[in-house]
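Here's the structure we're looking at; comments come further down.
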Amino acid sequence: MRITVPNFSLKHTLDSGQFFRYRPKGDGYECRERDLAFTVRQKGDYLAFSGTSEEHARQLFGLNQDYEKIIADLKKDKTLLPAINKYHGLRIMQRDLWETIISFQCSIMSNVKKIRLNMNCLATEFGKNNAFPAPGQMNDLERIKKCATGFRAKYILAANELVDEKWLLRLQKMNYEHAREKLMEIPGIAEKVADCICLFSLGHFAAFPVDVWIERIMEKTYFDSKKTKHNDLRAFAQERWGELAGYAQQFLYHHARHNESTQP
DNA sequence: ATCCAGGAATTTT
DNA sequence: AAAATTCATGGA
């Protein structure tokens with residue numbers, strides 16, 4: 001299957017810390033999400049993939065979004081221009097909800113490389129032929145710990161017990177504020193992780209996750225390098241970028257991690 | 001070896 | 001209410 005995709009960068013999107021089970025293969029990538037395994041590659045404005053449907057690819061990579069309007073709005077803020085211009089085509093994905101929940105429980109005080117290790121291991125340990133285990137299938141604390149999840153293992157186990165398919169469907173119908181609150185009922189999910197799930201799976205672009213990278217670049221850019229509370233950073237972002245705060249966050253995050261001048 | 005990583009929960013001031 | 005401490009582990 002091959003489709004035309006203007007204003008999209010597969011590389012920037014995959015490499016921006018929202019998606020973890022993928023690896024380069026040939027001139028493209030091999031991706032896994034829940035029970036799907038598929039390959040995808042991009043040449044110019046063409047996206048070629050096999051192993052999944054066009055509908056799924058469009059949803060997963062955010063290809064149905066009005067990208068030109070999103071970027072036009074964000075470009076009104078000149079402080080975002082370097083990141084937007086350098087990483088044009090970076091999109092917010094709309095990932096599988098359950099796998100996203102576990103991904104960002106794993107993210108607590110960790111790093112992207114290790115989250116990838118955790119997720120691949122959980123799929124190997126519990127899933128059938130590399131599918132990610134469904135809710136209810138990760139019911140062994142010691143085996144969860146074998147995947148280097150450490151103190152996060154008990155959170156994953158709790159989510160596995162609390163969540164089922166009905167729970168997931170209900171969450172997908174909630175607005176941002178309600179979904180955020182509901183997610184925080186799960187052990188191991190507080191503001192930041194809930195915002196990541198709202199942003200990368202539920203399409204709530206108002207969500208603004210504040211991690212150490214965002215904290216650094218926000219304080220440096222907008223707060224005269226002064227230590228600022230996460231809630232104040234989040235309030236500032238939602239005041240400044242409104243319903244697109246999460247999109248602004250993703251450009252800032254990706255730019256901070258890949259730019260020498262913004263390294264710690 | 002020492003320090004850090006897409007923080008949350010708990011305990012202590 | 002706010003600040004400090006604890007929690008595990010791979011990688012640099």
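Lettering of chains follows the sequences in order, A, B, ..., and the numbering in each one begins at 1.
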Without decimals, in angstroms, what is the distance between [X] [atom1] and [N] [atom2]?
X: A/I217; N: B/dA5; atom1: CD1; atom2: C1'; result: 17 Å
X: A/N231; N: B/dG7; atom1: CG; atom2: P; result: 16 Å
X: A/I189; N: B/dG7; atom1: CD1; atom2: P; result: 14 Å
X: A/R257; N: B/dA5; atom1: CZ; atom2: P; result: 10 Å
X: A/E191; N: B/dA8; atom1: CD; atom2: P; result: 7 Å
X: A/I115; N: B/dC4; atom1: CD1; atom2: P; result: 18 Å
X: A/F20; N: B/dA5; atom1: CZ; atom2: P; result: 16 Å
X: A/D232; N: C/dA1; atom1: CG; atom2: C1'; result: 14 Å

Practice task
Go along nucleotides 5-12 of chain C 5' to 3' and tag each nucleotide: B for a protein heavy atom under 4.0 Å from its base, S when only backbone or sugar atoms are that close, - otherwise.
Solution key: --BBBB-S
Regarding [X], tell me which of base, sugar-phosphate or nothing describes its non-hydrogen contacts under 4.0 Å with the strands shown.
X: A/Q250; value: base
X: A/G17; value: base
X: A/S103; value: nothing
X: A/V193; value: sugar-phosphate

Handout entry: All ring-ring contact (aromatic ring centres under 6.0 Å, His included) counterparts of A/F151, not counting sequence neighbours
Key =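 In terms of ring-ring contact (aromatic ring centres under 6.0 Å, His included), with neighbours along the sequence ignored, A/F151 is linked to no residue.
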Problem - Residues that A/F8 engages under ring-ring contact (aromatic ring centres under 6.0 Å, His included), provided they are two or more places apart - result: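 For A/F8, the residues satisfying ring-ring contact (aromatic ring centres under 6.0 Å, His included) (neighbours in sequence not counted) are A/F61.
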For the pair [X] and [Y], find out whether any cationic side-chain nitrogen is under 4.0 Å from an anionic carboxylate oxygen.
X: A/K192; Y: A/D211; value: no
X: A/K226; Y: A/D224; value: yes
X: A/E165; Y: A/R34; value: yes

Exercise for the section: Could you measure between the two C1' atoms, the one in B/dA5 and the one in C/dA3, and give it in whole Å? Expected result: 22 Å
Handout entry: Nearest-Å distance once atom P is located in both C/dA8 and B/dT11
Key =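 Their P atoms lie roughly 14 Å apart.
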Handout entry: Aromatic A/Y22 / basic A/R116 pairing, under 6.0 angstrom, 45° off normal
Key = yes
Practice task
Validate the cation-pi geometry between A/R95 and A/F19: distance from NZ or CZ to the six-membered ring centre under 6.0 Å, angle to the ring axis within 45°.
Solution key: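 No, A/R95 does not sit over the ring of A/F19.
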Problem - First encountered from the 5' end of DNA chain B, between A/I186 and A/I214 - result: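 Result: A/I214.
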Fill in the blank from the handout: Comparing A/P209 with A/M184, nearest DNA chain B nucleotide closer to 5' gives the residue A/P209
